[in-house]
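Reviewing the structure listed below.
So that the names make sense, note that chain A is the first sequence line, chain B the second, and so on, each numbered from 1.
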Protein chains: 2
Amino acid sequence: MPTRAPQQRRRRRPTASGVLLSKELITETALRLIGEHGPEALSVRRLGAALGCDPSALYRYFRNTDDLLLAIADRIIGDAMAGFVPGPDWVASLREMAMRVRAGYLAHPRAAAMASYRVTRRENEFRAVETGVGLLLSAGFAPARAVRLYLAFIDTVLSHAALDAACQALPREQREADEQAWTEAYQALDPAAYPALTSVREELRSMADSSFEEAVDLLLVALAARAPGHAET
Amino acid sequence: MPTRAPQQRRRRRPTASGVLLSKELITETALRLIGEHGPEALSVRRLGAALGCDPSALYRYFRNTDDLLLAIADRIIGDAMAGFVPGPDWVASLREMAMRVRAGYLAHPRAAAMASYRVTRRENEFRAVETGVGLLLSAGFAPARAVRLYLAFIDTVLSHAALDAACQALPREQREADEQAWTEAYQALDPAAYPALTSVREELRSMADSSFEEAVDLLLVALAARAPGHAET
DNA sequence: ACTTTGCGTCAATGCTGTTGACATAAGGAC
DNA sequence: GTCCTTATGTCAACAGCATTGACGCAAAGT
């Protein structure tokens, strides 16, 4: 009778090409595949080919492709949050968390775009939520409020990061065309029909840049103002 | 020699089932299909079946499915902002704008999720930016500041709306699994390893709900506090 | 009535995820 | 060292997907 836990792998049988498969290796290869050839390059068949195994072998490690996708997403979270330790200043700590998540997404823009709105329900996500909720509790918010405010915070961070990642994942041609729109199409508008846009014409170029930091900072200002103990106006 | 523009259709030949196809009819039917049978119901084959025509007939009207999705997205934008008139209260007006965008996205989540990060450079977008920037100018912000704050605002709205839309666009199975994670996987965590999560255990269920309104309201509070003429703390 | 051609239809291609049967080798028991 | 169990890699097959090229009908223009 086997004494080991059933999910613990006991045997490691090499594939025809000699590779030893593992969840780790599969998620790494998938991430590399997406990074090199774009998100549409991720299919069970291509992943199998990249690993040197039969496509169906992957189903020994993941229930289906969604399961694999969640594993990839959780790995991105883990990489982004690796080594992060919250400090005494909860606002500054949340800010660093936001910047880390964004950096992690931008490091794998094409994978991030696929997974930003999912709940991975895996260890790295557990830890991140624990950290974020803990920071808001330490700020003095009551549990129900801390949870909702954390959700507003992390959704803003994740969705903004996904936006940036999606833009970065666009083909160069298309991205440049989008950026040029602000200095071309928007400069040629009829002043009578678009008075506000005309009066800010010189500033429209900055619409091509990310608003991530401003949006996060605005949100953190609002959070800080609502924290218990903060001097109300 | 034909005098008509080449893109203008001259002949309307009915399909085998007697339907007269058109771009309008196809986008309408696609939206209805998504609305009635969920986002995964939209495939060229099913759309063809719903229209009573061969799937390949659609390629006479759209270059590919992406082209079709963009046509649908354009229609969503127009519908969402139709009839919107900004009022005297700039904060309330921005708020209504946000809610309209979100409603438009949620009404057609699949199409919205795929098109949210594209810059349309079309009239509906021009008008929306004009309106939004105009509201911030009316609040007293200087041009450069108004543009950047509008960007932070609209990116928050769009990315959050896209997040909600993407969740709604998930297959029922996956969406339910993601929601259940908060009442199952997150309830079973080790209290010693996850003290913060344990102390807010009862409230975690609310993580499955959207944070759109809270995030937008927090942002608007921060914007209002930064407006010229606002009493500083 | 005749010609042109827009466009609906059919058939085929090569993708996709997923599954069940099968084979083989790893590892424990003795 | 031998045997047995079983984890796991492989193979074949299925259904559904977007897309395309050839074909031919019927509607519009003359």
Please report the distance, rounded to the nearest Å, between [atom1] in [X] and [atom2] in [N].
X       : N      : atom1 : atom2 : result
A:Leu20 : D:dT8  : CG    : C1'   : 12 Å
A:Leu69 : C:dG17 : CG    : P     : 12 Å
A:Phe62 : D:dG9  : CZ    : P     : 12 Å
B:Leu25 : C:dG8  : CG    : C1'   : 14 Å
B:Tyr61 : C:dG8  : OH    : C1'   : 9 Å
A:Lys23 : D:dA7  : NZ    : P     : 16 Å
B:Leu51 : C:dT9  : CG    : P     : 11 Å
B:Leu58 : C:dT9  : CG    : C1'   : 12 Å

Do B:Arg201 and B:Gln187 meet the criterion of a side-chain donor-acceptor pair at a distance under 3.5 Å?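 Judged by distance alone, the side chains do pair up.
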Side chains of B:His160 and B:Ser211, donor plus acceptor under 3.5 Å: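 Yes, a side-chain donor-acceptor pair sits under 3.5 Å.
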Return a table of donor-acceptor pairs under 3.5 angstrom between the side chains of residues 30-38 of chain A and protein atoms on other chains or two or more places apart.
none

Please determine whether the number of non-hydrogen atoms from other residues, nucleotides or ligands lying under 6.0 Å from atom CZ of A:Arg121 exceeds 12.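 More than 12 within 6.0 Å, yes.
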Contacts under 3.5 Å, N or O only, protein and nucleotides 19-22 of chain D:
| residue | atom | partner | partner atom | Å |
| --- | --- | --- | --- | --- |
| D:dT19 | OP2 | B:Tyr59 | OH | 2.7 |
| D:dT19 | OP2 | B:Thr65 | N | 3.1 |
| D:dT19 | O5' | B:Tyr59 | OH | 3.3 |

Given C:dG17, D:dA18, D:dG9, identify the nucleotide with an atom nearest to the side chain of B:Ser43.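 So the side chain of B:Ser43 is nearest to D:dA18.
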Could you walk me through whether A:Asp67 and A:Arg122 pass the salt bridge (Lys or Arg N to Asp or Glu O under 4.0 Å) check? CA-CA 11 Å; A:Asp67 195 26; A:Arg122 281 162 168 77; 2.5 Å; yes
Determine whether A:Glu213 and A:Arg95 satisfy the following criterion, salt bridge (Lys or Arg N to Asp or Glu O under 4.0 Å), listing intermediate values before the conclusion. CA-CA 9 Å; A:Glu213 289 200 47; A:Arg95 190 172 199 283; 3.0 Å; yes
Tell me if the aromatic rings of A:Tyr186 and A:Tyr194 count as close, with their centers under 6.0 Å from one another.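 Aromatic pair excluded; centres sit 6.0 Å or further apart.
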Which heavy atom of A:Ala146 sits nearest to which heavy atom of A:Leu136, and what is that distance?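 The pair with the smallest heavy-atom distance is O-CD1, 3.4 Å.
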Residues in contact with DNA chain D, drawn from residues 26-33 of chain B - heavy-atom cutoff 4.0 Å: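 Under 4.0 Å from DNA chain D: no residue of residues 26-33 of chain B.
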Electrostatic pair A:Arg75-A:Glu28, nearest N-O below 4.0 angstrom: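 Salt bridge present between A:Arg75 and A:Glu28.
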